[in-house]
Amino acid sequence: MGIVVITGGSRGIGASTAIECARRGLGVILTYNRNPEAAASVVQQIAAGGGQAVALPLDVADIGSFTPFQLAVQGAIASTWHADGLAGLVNNAGYGIFNPIATVTEDQFDGLMNVHLKGPFFLTQTLLPLFKEGASIVNLTSATTRVATAGVAPYATFKGGLEVLTRYMAKEFGERRIRVNAVSPGAIRTDLGGGLNAEFETLLASQTALGRVGEPEEVARVIAMLLTADGAWVNAQQIEVAGGYTV
């Protein structure tokens, strides 16, 4: 059985991805930051469906915690699955703020950078020795890297950096047959950045060719595809999952 790590797996796209991966037969290690109850609920849902999952705490902004996390991952792999390596990583954990450039503070800027770019860089580096040959990494970016949306400049900037990093990871990890891709959601019904109210949802739906916002599980299915044999010949790509957002 392949085992994957999904950061931010207690809610939204991360939780849906954890459930979808387990449905496809993967073992799941999902992380949470402040809500162990939500993470436990996802683990229970996976178990109810016949899968196996473990929830571990992780703050992706705290690089000093990554080595202890790597050891915890190794322990979970050995004790839960009696295995010795990882088949995949989903760098999903994140948050959003809505501020025009003129009002963004240095602390807000640094917080977003640490979670959305610096954290994924060094977490991937730390977990790299655990990846089996042929493993897959998926970095969650955003359609805001393509369509400028006032109020999310720092977030979009770091997601754009993560898209570039995706290609470099694919290049450097290719000798080990590790594939690396980016998935860029459009308007999705999650609580990121405070969620969607009815007015905002109507606006986003009107800007999407399919006439609605997306659901977390629709993104999850694409991520899971990239983690399995279905995506075996997809590498170094940025895949937008947005229903045709501002075409």
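All values reported here derive from a predicted model rather than from experimental measurement.
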Are [Y] and [X] connected in a single hydrophobic cluster, I mean Ile/Leu/Val/Met/Phe/Trp/Tyr linked by side-chain heavy atoms less than 4.5 Å apart?
{"X": "Phe122", "Y": "Leu58", "result": "yes"}
{"X": "Phe158", "Y": "Phe121", "result": "yes"}
{"X": "Ile29", "Y": "Val43", "result": "no"}
{"X": "Tyr32", "Y": "Ile63", "result": "no"}
{"X": "Val4", "Y": "Val73", "result": "no"}

Got a second to check how far [X]'s [atom1] is from [Y]'s [atom2], nearest 0.5 Å?
{"X": "Glu201", "Y": "Thr208", "atom1": "CD", "atom2": "OG1", "answer": "10.0 Å"}
{"X": "Ile77", "Y": "Leu130", "atom1": "CD1", "atom2": "CG", "answer": "6.0 Å"}
{"X": "Ser16", "Y": "Gln45", "atom1": "OG", "atom2": "CD", "answer": "9.0 Å"}
{"X": "Asn181", "Y": "Ile239", "atom1": "CG", "atom2": "CD1", "answer": "5.5 Å"}
{"X": "Leu128", "Y": "Gln70", "atom1": "CG", "atom2": "CD", "answer": "10.0 Å"}
{"X": "Tyr168", "Y": "Glu172", "atom1": "OH", "atom2": "CD", "answer": "9.0 Å"}

Do you know the tightest heavy-atom contact between [X] and [Y]?
{"X": "Pro120", "Y": "Leu162", "value": "CB-CD1, 4.0 Å"}
{"X": "Val219", "Y": "Pro185", "value": "CG1-CG, 4.0 Å"}
{"X": "Gly14", "Y": "Asn92", "value": "CA-ND2, 3.4 Å"}
{"X": "Ala209", "Y": "Val247", "value": "CB-CG2, 4.3 Å"}
{"X": "Ala236", "Y": "Ala170", "value": "CB-CB, 3.6 Å"}
{"X": "Leu226", "Y": "Ser136", "value": "O-OG, 2.9 Å"}

When you measure from the side chain of [X] to the backbone N and O of [Y], does any donor-acceptor pair fall under 3.5 Å?
{"X": "Thr145", "Y": "Ala156", "answer": "no"}
{"X": "Thr228", "Y": "Met225", "answer": "yes"}
{"X": "Asp59", "Y": "Asn33", "answer": "no"}
{"X": "Thr31", "Y": "Leu56", "answer": "no"}
{"X": "Asn99", "Y": "Gly151", "answer": "no"}
{"X": "Asn235", "Y": "Val180", "answer": "yes"}
{"X": "Arg212", "Y": "Gly243", "answer": "no"}
{"X": "Arg179", "Y": "Val234", "answer": "yes"}
{"X": "Arg146", "Y": "Tyr245", "answer": "yes"}
{"X": "Arg176", "Y": "Phe131", "answer": "yes"}

Criterion side chain to side chain contact (heavy atoms under 4.5 Å, CB included) on Leu227 and Arg24, from CA distance to verdict: CA-CA 10 Å; Leu227 292 170; Arg24 295 181 181 223; over 6 Å; no
Mutual orientation of the aromatic rings belonging to His116 and Tyr95 [parallel < 30°, tilted 30-60°, perpendicular > 60°]: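 Geometry flag for Tyr95 against His116: tilted rings.
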Steps toward side chain to side chain contact (heavy atoms under 4.5 Å, CB included) verdict (Val241, Ile223): CA-CA 10 Å; Val241 186; Ile223 297 170; over 6 Å; no
Output side-chain donor-acceptor pairs under 3.5 Å for residues 137-144, partner residues at least two apart or in another chain, one line each.
residue, atom, partner, partner atom, Å
Asn139, OD1, Asn91, ND2, 2.8
Asn139, ND2, Thr166, OG1, 2.9
Thr141, OG1, Glu163, OE2, 3.3
Thr141, OG1, Ser184, OG, 2.4
Ser142, OG, Thr144, N, 3.0
Ser142, OG, Thr144, OG1, 2.7

Phe69 vs Val60, side chain to side chain contact (heavy atoms under 4.5 Å, CB included): CA-CA, chis, key distance, verdict: CA-CA 10 Å; Phe69 176 72; Val60 295; over 6 Å; no
Asp84 CG: over 12 foreign heavy atoms closer than 6.0 Å: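 At most 12 heavy atoms, drawn from other residues, nucleotides or ligands, come within 6.0 Å of this atom.
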Heavy atoms from other residues, nucleotides or ligands near CD1 of Ile101 exceed 12 (cutoff 6.0 Å): no
Check: Thr149 and Tyr155 side chains under 4.5 Å, non-hydrogen atoms: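 Side chain of Tyr155 against side chain of Thr149, heavy atoms only: no contact under 4.5 Å found.
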Side chain to side chain contact (heavy atoms under 4.5 Å, CB included) between Cys21 and Thr17, intermediate numbers included: CA-CA 6 Å; Cys21 285; Thr17 300; 4.0 Å; yes
Carboxylate-amine/guanidinium proximity below 4.0 Å for Arg221 and Glu217: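 Salt bridge flag = no for Glu217 with Arg221.
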